**Q** 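Please see the structure below; I have some questions.
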Amino acid sequence: MSTTLYVVICLLLSIAVLLGISFMSKVKTAVAGNLISAVSLFLGIVITLLYNDILTAWTVFIFMFIGLLIGGALASRVKMIQMPQLVALLNGLGGFASAMVGILSLMGIGIVQRDYPVFVNVTSVLAIIVGLITLMGSLVAAGKLHRILPQKPVKWKNHATLLTVSLVILAGITLYSAFAGYNSFSIALLLVISIAVSTFFGIGFAIRVGGADMPITISLLNSLSGVAGAIAGMAVNDLLLVSVGGIVGASGLLLTQVMCRAMNRRLVDILTGKTSTEPKKPVANMATVQDPTVAPDEETVIVPDEGAASELSPSPAEILSGAKSVIIVPGYGMALAQAQHLVQQLGDRLEEKGVEVRYAIHPVAGRMPGHMNVLLAEADVPYEKLFEMDAVNDDFVTTDAVLVIGANDVINPAARDATDTPIYGMPVLNVDQAKQVIICNYDLNPGYSGVENPLYTKKAGVHLLLGDAKESLTSLLQGLT
Amino acid sequence: MHPITLLLIFVATTIVGYLIIKTVPPLLHTPLMSGMNALSGITVLGALTAVGLTFLAATGGELLLGQILGGVAVIAATVNIVGGFGVTHRMLKMFDKKKKETKS
């Protein structure tokens, strides 16, 4: 195949990928968009095999077949609730593959491109670094999401210093790679140092990020995996790899921006470990880690709201069925309790009673961008009823009742006026403006930010149903019949 | 291809990609992300070229390394691609299913 034809096809495939993404902007066309991207990628593989004349290398097909089996099994078996950790894990694999390509390219195995040795050396080292940071960061993130690793930020001694030193070493080694030339000693040195330090850095930066900052971290890792691919593409002179890697990098960057804006956090703060949970008492902090597997202690049994009971005698179920309009606010707690199906049943039941039901989705509710939307879609909630924060926030004033399920920081009114708290300035859902608020949360502990929610102590119009969201919702459902 | 050309292509696709992705609503952010995630498996191209070229041309340790490192990379990237597109498809189907039900 001539190079010109190859370049033209690569450009066409890049455009096809972009087309696929633009199809992803609407629910109706999104399935097609995903298929277009997948087919483009498949064609990319075919064209690469043809262009490099390696169709006869049968081991390639064996390796791809193994990957196909594993990937297929993962994709078909995974539960929606496990989606965040699967996305993180797959992302890590992409980074890993890019790092491997970087290693091979640096060692001059496979694609030997000696026209621009400096460029190849630098990009190979960078591919190893970014790829391995992606891999280790993603593995740590997946471990946290899968609850193998602690949810709270883990801080080592001299954490910031260690990470800064690692970064300096990585920058140094990249610089060195430009002058290292091509001899086995310098290559070995580059390999060992870049692999070791970037592995350490990947773990170090991800382990310091806690639960609610996960959406940002995952978006960022997503971006990095694309960048790693693009850099690896530069190292091995693969046009398609560079262009598609760039697209993925841009998408991750955009999502990261969206998430940061929604949390009113700066990316730098999250990366440098300025997490909102600055432990005041480091020892006691470990004990208060919210672990849903631990049995609730006595303060988490259902608290009758005595103050409200005098003037507002109706029970939460009566409030809901008597309301004209209800907004349901889901949070990570709904995901944890896997209560999305009960939420959907409750919503349906209310609609049968003539109540207008809407869902308000905060951009960072959950553990990855759009997490709540996916769970509610799984539970057959029509997406027309899901409203973004900006679209629904002014409607809380005129809403009779709000049902909060496992959300905390995203409804905390303290974000508006408590200037000294970490969540100050973060846009929140105006739940407190509704006439009645029913909160189905696991307990009254502050959310991830560690800021007390004044809604919990506000008696008038606030009803707390504490404990497992599934049980609270079941009792609500029974009350609605 | 000249390094500058590659860098330019990288910059250009990043900008165009950014502009297009901006149109995706938050509702679809998870499928978007997992779709992008699948696309990041494009690095399989580099890996399979390495495997193929070493298989056909290299000998001894280089052949072995090419097959092992490259092979692992091909497997990982393929899992990334197939798993990523698979779950994205499943998620999008869920969204789409809802649309039909509400209309009926």
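For clarity, every value in this text was computed on a predicted model and none was experimentally measured. Atom set for the values below is all heavy atoms of this structure, side chains included, hydrogens, waters and symmetry mates excluded. All chains are named by letter (A, B, ...) in the order of the sequence lines, taking the proteins before the strands, and each is independently numbered beginning at 1.
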**Q** Just so I understand: if I count every heavy-atom pair under 4.5 Å between each of A/Gly131, A/Ala38, A/Ser225 and chain B, which residue has the most?
**A** A/Ala38

**Q** Which heavy atom of B/Ser34 sits nearest a heavy atom of A/Val87, and at what distance?
**A** CB-CG2, 3.9 Å

**Q** Check A/Asn34 against B/His89 and note the closest heavy-atom contact, atom names and distance.
**A** ND2-N, 3.4 Å

**Q** Quick check: closest heavy atoms across B/Ala73 and A/Met100, and the distance to 0.1 Å?
**A** CB-CB, 3.5 Å

**Q** At a heavy-atom separation under 4.5 Å, does B/Ile81 approach chain A through its side chain, its backbone, both, or neither?
**A** side chain

**Q** Between B/Gly84, B/Pro25, B/Gly70, B/Gly41, which residue shows the highest count of heavy-atom pairs closer than 4.5 Å to chain A?
**A** B/Pro25

**Q** Is there a donor in the side chain of A/Ser98 and an acceptor in the side chain of B/Thr43, or the other way round, less than 3.5 Å apart?
**A** yes

**Q** For A/Val27 and B/Leu27: C-alpha separation, side-chain torsions, deciding distance, then whether side-chain contact (heavy atoms from CB on, under 4.5 Å) applies.
**A** CA-CA 9 Å; A/Val27 176; B/Leu27 170 74; 3.6 Å; yes

**Q** Go through the atoms of A/Met83 and report whether side chain, backbone, both or neither lie under 4.5 Å from a heavy atom of chain B.
**A** side chain

**Q** Does the side chain of A/Lys26 reach to within under 4.5 Å of the side chain of B/Thr23, using non-hydrogen atoms?
**A** no

**Q** At what distance, to the nearest 0.5 angstrom, does OG1 of A/Thr56 lie from CG of B/Leu56?
**A** 4.5 Å

**Q** May I ask you to name which of A/Ile54, A/Leu221, A/Leu253 has the most heavy-atom pairs under 4.5 Å with chain B?
**A** A/Ile54

**Q** So which of A/Leu55, A/Ile103, A/Val78, A/Ile361 has the largest heavy-atom pair count under 4.5 angstrom toward chain B?
**A** A/Val78

**Q** I'd like to know which of A/Gly370, A/Ala228, A/Ser25, A/Gly245 tops the heavy-atom pair count under 4.5 Å against chain B.
**A** A/Ser25

**Q** How many angstroms lie between atom CD1 of A/Ile45 and atom OG1 of B/Thr49, to the nearest 0.5 angstrom?
**A** 10.0 Å

**Q** To the closest 0.5 Å, what do you measure between OG (A/Ser251) and CD1 (B/Ile21)?
**A** 4.5 Å

**Q** I'd like to know whether A/Ile247 forms a side-chain contact (heavy atoms from CB on, under 4.5 Å) with B/Thr14, so could you lay out the CA-CA distance, the side-chain angles of the two residues, the decisive distance to 0.1 Å, and finally the verdict.
**A** CA-CA 5 Å; A/Ile247 297 171; B/Thr14 307; over 6 Å; no

**Q** Do you know the tightest heavy-atom contact between B/Ala38 and A/Leu41?
**A** O-CD1, 3.9 Å

**Q** Going by the rule side chain to side chain donor-acceptor pair (under 3.5 Å), which residues pair with B/Thr54 if we only count those two or more places apart in sequence or in a different chain?
**A** B/Gln67

**Q** Please walk me through it: do A/Leu255 and B/Met36 pass side-chain contact (heavy atoms from CB on, under 4.5 Å)?
**A** CA-CA 11 Å; A/Leu255 285 180; B/Met36 287 299 117; over 6 Å; no

**Q** Relative to chain A, which of B/Gly17, B/Ala47, B/Gly71 shows the most heavy atom pairs under 4.5 Å?
**A** B/Gly71

**Q** To the closest 0.5 Å, what do you measure between CG (A/Leu241) and CG (B/Leu45)?
**A** 6.0 Å

**Q** How long is the gap from CE on B/Met33 to CG on A/Leu254, to the nearest 0.5 Å?
**A** 12.5 Å

**Q** Side chain from CB out, backbone as N, CA, C, O: work out which of these in A/Ser76 comes under 4.5 Å of a heavy atom of chain B, or both, or neither.
**A** backbone

**Q** Using the rule side chain to side chain contact (heavy atoms under 4.5 Å, CB included), only one of A/Ile66, A/Leu68, A/Leu74 pairs with B/Val79; which is it?
**A** A/Leu74

**Q** May I ask you to name which of B/Gly35, B/Ala12, B/Ala57, B/Gly52 has the most heavy-atom pairs under 4.5 Å with chain A?
**A** B/Gly52

**Q** Evaluate the side-chain contact (heavy atoms from CB on, under 4.5 Å) criterion for residues A/Asn373 and B/His29: first the C-alpha distance (whole Å), next the side-chain angles of each, then the deciding distance (0.1 Å), finally the verdict.
**A** CA-CA 9 Å; A/Asn373 299 301; B/His29 273 173; over 6 Å; no

**Q** Against chain B, label A/Asn91 side chain, backbone, both or neither, depending on which of its atoms sit under 4.5 Å from a heavy atom there.
**A** both

**Q** Given that the side chain runs from C-beta out, which part of A/Ser14 has a heavy atom under 4.5 Å from chain B: side chain, backbone, both or neither?
**A** neither

**Q** Need one label for B/Val72: side chain, backbone, both or neither, based on atoms under 4.5 Å from any heavy atom in chain A.
**A** both

**Q** Out of B/Arg90, B/Met91, B/His2, B/Lys22, which one racks up the most heavy-atom pairs below 4.5 Å with chain A?
**A** B/Arg90

**Q** Please report the closest heavy-atom contact between A/Gly246 and B/Phe10, naming both atoms and the distance.
**A** CA-CE1, 3.6 Å

**Q** Can you tell which part of B/Leu28 gets under 4.5 Å to a heavy atom of chain A, answering side chain, backbone, both or neither?
**A** side chain

**Q** Within the 4.5 Å heavy-atom criterion, are B/Leu6 and A/Asn237 side-chain neighbours or not?
**A** yes

**Q** Just so I understand: if I count every heavy-atom pair under 4.5 Å between each of A/Leu18, A/Leu240, A/Ile70 and chain B, which residue has the most?
**A** A/Leu18

**Q** Find out whether B/Thr88 and A/Met24 are in side-chain contact, i.e. whether some heavy atom of one side chain is under 4.5 Å from a heavy atom of the other.
**A** yes

**Q** Of all of A/Gly95, A/Ser243, A/Gly249, which one pairs up most often with chain B through heavy atoms under 4.5 Å apart?
**A** A/Ser243

**Q** With chain A, which of B/Ile75, B/Val51, B/Leu19 has the greatest number of heavy-atom pairs at distances under 4.5 Å?
**A** B/Ile75

**Q** Of the non-hydrogen atoms in A/Ala75 and B/Gly86, which two are nearest, and what is the gap between them?
**A** CB-CA, 3.7 Å

**Q** Can you say whether B/Leu32 sits under 4.5 Å from chain A via the side chain, the backbone, both, or neither, judging by heavy atoms?
**A** both

**Q** Quick one: what part of B/Ala77 sits under 4.5 Å from any heavy atom of chain A, side chain, backbone, both or neither?
**A** both

**Q** Atom CG of B/Asn37 and atom CG of A/Leu90: how far apart are they, to the nearest 0.5 Å?
**A** 5.5 Å

